[in-house]
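What's counted below: heavy atoms across the whole structure, side chains too, no hydrogens, waters or symmetry copies. Protein chains get the first letters and strands the later ones, always in sequence-line order, with residue 1 at the start of each.
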Amino acid sequence: MTPIVTRFPPSPTGYLHIGGARTALFNYLYARQNGGKFILRIEDTDQARSTQEMTDAIIDAMHWLGLDFDEGPYFQSERGDLYNSHVDKLVETGKAYYCSCTPEEVDEMRETARAAGLKPKYNGKCRELGLGPGPGRVVRFKTPLTGKVVFDDTIKGPIAWDVQEMDDFVIRRADGSSIYQMAVVVDDALMGVTHVLRGDDHQNNTPKQILIYEALGFPLPKFGHVPMILGPDKKKMSKRHGATSVMMYKDLGYLPEAMLSYLVRLGWSHGDDELFTMAELLEKFSIEGLGKSASVFDMDKLNWTNSHFIKIGDVPRLANLLDEMIRQNTDFEPAQEYLQAIVPLFQPRAKTLKEMAEQATFFLHDAQSLPYAEAAVTKFLTPETREHLAILAERMEALSAFDHSSLEAMVNAYLEETGLKFKALAQPIRVAITGTTMSPGLFETMEVLGRERTLERFRKALTL
RNA sequence: GUCCCCAUCGUCUAGUGGCCUAGGACGGCGGCCUCUCACGCCGCUAACAGGGGUUCAAACCCCCUUGGGGACGCCA
C-alpha cells in the first residue's frame, strides 16, 4: 500500500481562520493515523496579496494547535519554473495553446454566453490558430469538447461534470506566471499527495484539475470536499461574525485542545462522543464520519468545550497561561506559586482563561488597591456584621495553622458560641476579603490568600 | 443566468429499510445541592423542509418542488 500523503495549502493573504484550521486538522489526522505524511505548502503565487507576516502567523497558529507538518513549508513562489515547464509540455503536446485575445475581448465573449442563458465562457477563438508565444499572450488549456469528468468524492460520493460547463481556461498569465489550477496539480502530483481534503469551495475546480492531471499523465489523488463553516446567520464566516482567526481565540483565552475538540466535531462525529483529545482523534478519526452539509459555528458549545478542558487541565500549565493572560492585560506580576494555588479555585468556574484572569484579579491586588463594590459594602458590612468580622480577625491571628479546615473549624466554633448561621456571616466575610459578592469558597479563598493578605483585607474592610 | 453540492431539535449531530411513539451534546427552562458565583446531579423543551413514488415496511431508496450554500477570473 502506498503511504498516505496529505497537505494543507493556505495562501498567506490572511490569518489562519477557523475553516482552514479544521481542514488542516482533518488532513493532519488522516495522514498521521495512517503513518503517512502531512505537508504544508504556502500558496503565494499571488505576490501582491501574500506576505511573509501572514505565512509566519499561519505557521504559528498551526503550531499552537499542534498540527505539525512533516514536510515544508514549500513556497509556490519559488516553484514557478516547475509550473512553467509543465505548461510548456502541455503546449508541445497540443493540450494547451497560446491565446492572443485581450481581457476585454474575453469579457465580451462571456457576456454573450451569459446573454444566451449559458455559463460565461471563453469561446475558443484561438484554440486552433497554432499561435506561438508573444507579448500579451496567455496559455489556455484545451478542454475536451465532449464528455464528462467523473470522480468519486470521498465525502460527497460520485460527482459528474459535463466538460461543456468548462471553457479553455488560462493556465499561464501573460506575464509568464502560472495560474493556481496549474500550480496545485503540479505540486500535488510531484509531492506525491494521495488525498486532497479541502473546502467545499474547491469542488468546482476539481474537474479542471483532473483534466490537467490526465493531460500530464499524472495519477489521480482521491478528492474529498469538506463542507463550509457558517456564521450564526448561516452565511459564510467572515469578519463581521467576530473572531474568525484561530489566534484570536488564543487571545480570548481558549485552550488549543478545546479548539481542536470543538473544531473536529463541527462536521464530523463519532457516535455520541463529544469531547476528544488529540490522542483519541488519532485513533478515532475517519473520513466516513465527515458530514456532507455545512455547519454553523456555535460559541456556546465552544465555551462549554473550553470549560471542560480547563476543568481537567494541568495546573502548572494553566497557571502559566493565566500568567501570560494577566501580564498581557494588567500590570500585575504574580508569583508562579501563588497562581498555581489560585488556578484550582477557578477551574470549575471559568469558561476561558480570560474569564479566569478577571475572576482572579481580587487575589492580585494588595489590600489598599483592592476595589470594594459599594453596594456590596453597604449591604453586607453593617455595624453588626463588622463586630463579628473584627472578632473573627482576632481569632485568625491566633490560629496555629491557616488552612481551610482550621479556618472552617474556627468559624464553626464562633457560630456555635453566638448561635449565628453561617449564612449570616458568609457574604460579609466574602465582601471583606474579595470586595465583591462572588468568589470561590470562602475557606479555600482565605487559605490561598494567606494569613497576611486576609487580615489586611479584614482591617481595610472595617475602615470602609 | 448556468452548473455543482447540501437538507433530522435554535445549534453540532446519531441514524445507512423494520431496534425510531427519532438517540446524544450545547443552549434554553425547571428543580436538587449550596457560604455567593460557578461545578455537579435530575427533569423538561425541541427536529426527520414539502409533495409524489418504490416497498409488507422509509428519516433512511428514487423523482419533483422549495430552501440554503458554492462556483463560473490573466484570485487562491
Side-chain angles (χ1 to χ4, degrees), chain A residues 9-13 43-46 48-50 76 99 101-103 106-107 110 113-122 136-140 153 155-157 159-162 164-167 169-175 177-181 183-184 199-207 225 227-228 230 232 234-236 262 265-275 289 291-305 307 311 345-351 359 376 380 408 411 421-431 434 436-443:
Chain A
S11 49
T13 55
E43 307 216 323
D44 56 351
T45 53
D46 184 353
R49 295 194 301 150
S50 301
Q76 288 194 326
C99 167
C101 297
T102 64
V106 177
D107 279 347
R110 283 198 254 265
R114 191 166 203 145
L118 298 170
K119 231 178 202 179
K121 296 196 304 186
Y122 169 70
R137 292 187 182 176
V138 299
V139 174
R140 288 182 181 276
D153 194 289
I155 295 172
K156 309 217 175 184
I159 294 175
W161 265 72
D162 196 316
Q164 299 197 24
E165 293 301 327
M166 292 176 260
D167 63 359
F169 52 96
V170 174
I171 53 178
R172 184 198 284 162
R173 303 179 181 91
D175 69 5
S177 62
S178 293
I179 288 288
Y180 165 75
Q181 311 285 7
V184 236
D200 230 350
D201 45 341
H202 284 287
Q203 193 170 308
N204 305 291
N205 288 328
T206 308
H225 291 94
M228 310 254 79
L230 276 21
K234 302 202 175 190
K235 301 276 182 220
K236 194 172 176 174
Y262 175 71
R265 277 288 287 111
L266 209 50
W268 177 81
S269 62
H270 184 270
D272 285 341
D273 298 348
E274 293 290 347
L275 269 0
K292 297 181 182 184
S293 52
S295 35
V296 174
F297 190 82
D298 180 20
M299 270 303 232
D300 285 329
K301 191 143 186 187
L302 205 215
N303 283 334
W304 172 77
T305 306
S307 64
K311 278 186 202 91
L345 302 191
F346 292 103
Q347 276 178 295
R349 41 198 115 223
K351 287 199 281 288
Q359 292 173 160
F380 293 110
E408 185 163 10
V411 170
K421 293 277 186 209
F422 186 47
K423 250 188 182 354
L425 290 182
Q427 286 302 67
I429 295 175
R430 175 165 282 111
V431 172
T434 71
T436 71
T437 55
M438 295 176 295
S439 82
L442 250 20
F443 303 116

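Relative orientation of the A:Phe297 and A:Tyr262 rings is perpendicular, given thresholds of 30° and 60° on the angle between their planes.
Taking the syn range as angles within 90° of 0, the glycosidic angle of B:C33 is outside it, so the base is anti.
Around NZ of A:Lys351, the count of heavy atoms belonging to other residues, nucleotides or ligands within 6.0 Å does not exceed 12. Annotation: A:Lys234, atom NZ; neighbour count of heavy atoms from other residues, nucleotides and ligands within 6.0 Å does not exceed 12.
The listed nucleotides are B:U11, B:A76, B:U2; the one nearest the side chain of A:Glu165 is B:U2. Here the side chain of A:Pro120 is nearest to one of B:G1, B:C12, B:G27, namely B:G1. For A:Asp300, the listed nucleotide lying nearest its side chain is B:G27; candidates were B:G27, B:A76, B:G70. For A:Lys119, counting side-chain heavy atoms from C-beta on, the closest listed nucleotide (B:A71, B:U13, B:C74) is B:A71.
B:A49 and B:C56: their C1' atoms are spaced 28 Å apart (whole Å). With both ends at atom C1', the span from B:C74 to B:C60 equals 47 Å, rounded to whole Å. Across B:C9 and B:C5, the matching C1' atoms stand 24 Å from one another, rounded to whole Å. Of the P atoms belonging to B:A22 and B:U34, the separation is 36 Å, rounded to the nearest Å. B:C42 sits 12 Å from B:G24 when the P atoms are compared, rounded to a whole Å. Annotation: B:U8 and B:G50 have their C1' atoms spaced 15 Å apart (nearest Å). Using atom C1' as the reference point in both B:C29 and B:G10, the two lie 14 Å apart (nearest Å). Nucleotides B:A46 and B:G28 have their C1' atoms positioned 10 Å apart, rounded to a whole Å.
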**OP:** Produce a footprint string for nucleotides 33-47 of chain B: one letter per nucleotide, 5' end first; B if the base is under 4.0 Å from any protein heavy atom, S if only the sugar-phosphate is, - if neither.
**Re:** --BBBBSS-------
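Taking each heavy atom of A:Ile155 and A:Gly291 in turn, the nearest pair found is CG2-O, 3.7 Å. In plain terms, the two heavy atoms of A:Cys99 and A:Arg140 that are nearest each other are SG-NE, 3.3 Å. The two residues A:Pro12 and A:Asp44 make their nearest non-hydrogen contact at CG-CB, 3.8 Å.
Within 4.0 Å of A:Cys101, counting heavy atoms only, lies at least one base atom of the nucleic acid. Counting non-hydrogen atoms under 4.0 angstrom, A:Gln359 reaches nothing in the nucleic acid. Residue contacts for A:Asp162: at a heavy-atom cut-off of 4.0 Å it reaches no nucleic acid atom on any strand shown. No contact: A:Thr305 has no heavy atom under 4.0 Å from any strand. Residue-level contact check: A:Val138 touches the bases, meaning some heavy atom is under 4.0 Å from a base atom. No engagement by A:Arg172 is indicated, since no non-hydrogen atom pair under 4.0 Å with the nucleic acid exists.
Counting to the nearest Å, the C1' atom of B:G69 and the CG atom of A:Asn204 are 11 Å from each other. At whole-Å resolution of the value, CG in A:Asp273 and P in B:G23 are 18 Å apart. Taking atom CG of residue A:Asp200 and atom P of nucleotide B:C5, one finds them 11 Å apart after rounding to whole Å. Spacing between atom NE2 of A:His225 and atom C1' of B:A76 amounts to 13 Å, rounded to whole angstrom units. The CG-P distance, from A:Leu266 to B:U13, rounds to 6 Å in whole Å. With rounding to whole Å, A:Lys292 atom NZ is found 14 Å from B:C4 atom C1'. At whole-Å resolution of the value, CD in A:Glu274 and C1' in B:G23 are 12 Å apart. If you measure from atom CG of A:Asp201 to atom P of B:G73, you get 16 Å, rounded to the nearest angstrom.
In this structure B:U66 sits in a base pair with B:A7, meeting the Watson-Crick or G-U test at under 3.5 Å. Base pairing analysis places B:G28 opposite B:C44; the two distances defining the Watson-Crick or G-U wobble pair are each below 3.5 Å. Figure legend. B:U2 is base-paired to B:A71; pairs are counted as Watson-Crick or G-U wobble with both atom distances under 3.5 Å. Pair check for B:A22 finds none; no Watson-Crick or G-U wobble contact set falls under 3.5 Å. Pair assignment for B:A14 gives none, since no Watson-Crick or G-U wobble pairing has each distance under 3.5 Å. The pairing partner recorded for B:A38 is none, the criterion being a Watson-Crick or G-U wobble arrangement whose two distances lie under 3.5 angstrom.
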Original post:
What do the steps show when you test A:Leu118 against A:Gln164 for side-chain contact (heavy atoms from CB on, under 4.5 Å), and what is the final call?
Top reply: CA-CA 10 Å; A:Leu118 298 170; A:Gln164 299 197 24; over 6 Å; no
**OP:** For the pair A:His202 and A:Tyr180, evaluate side-chain contact (heavy atoms from CB on, under 4.5 Å) and give the outcome as yes or no after the intermediate values.
**Re:** CA-CA 11 Å; A:His202 284 287; A:Tyr180 165 75; 3.0 Å; yes
**OP:** Show the numbers, then the answer: is there a side-chain contact (heavy atoms from CB on, under 4.5 Å) between A:His225 and A:Thr206?
**Re:** CA-CA 10 Å; A:His225 291 94; A:Thr206 308; 3.0 Å; yes
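Here the side chain of A:Ser11 pairs no donor or acceptor atom with the backbone of A:Thr13 at under 3.5 angstrom. Without hydrogens or angle criteria, A:Gln427 side chain to A:Thr437 main chain gives a donor-acceptor distance under 3.5 Å. Panel note: side chain A:Arg114, backbone A:Gly117; no donor-acceptor pair is recorded below 3.5 Å.
Nearest-nucleotide positions on RNA chain B place A:Gly157 closer to the 5' end than the other of A:Ile179 and A:Gly157. A residue-by-residue look at A:Ile155 and A:Gly117 shows that A:Gly117 has its nearest nucleotide of RNA chain B further toward the 5' end.
Taking side-chain N and O atoms only, A:Arg140 has no distance below 4.0 Å to OP1 or OP2 of B:G73. Regarding contacts with the backbone of B:G73, a side-chain N or O of A:Arg110 is found under 4.0 angstrom from either OP1 or OP2. Here A:Ser295 does not reach the OP1 or OP2 of B:C12: none of its side-chain N or O atoms lies under 4.0 Å away.
Using a 4.0 Å cut-off between charged nitrogen and carboxylate oxygen, A:Asp167 and A:Lys119 do not count as a salt-bridge pair.
Under 3.5 Å, the side chain of A:Asp44 and the base of B:A76 form no donor-acceptor pair of N or O atoms.
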Hey, what are the protein-to-nucleotides 14-19 of chain B N/O distances that come in under 3.5 Å?
from: B:A14; atom 1: OP1; to: A:Ser269; atom 2: OG; distance (Å): 2.8

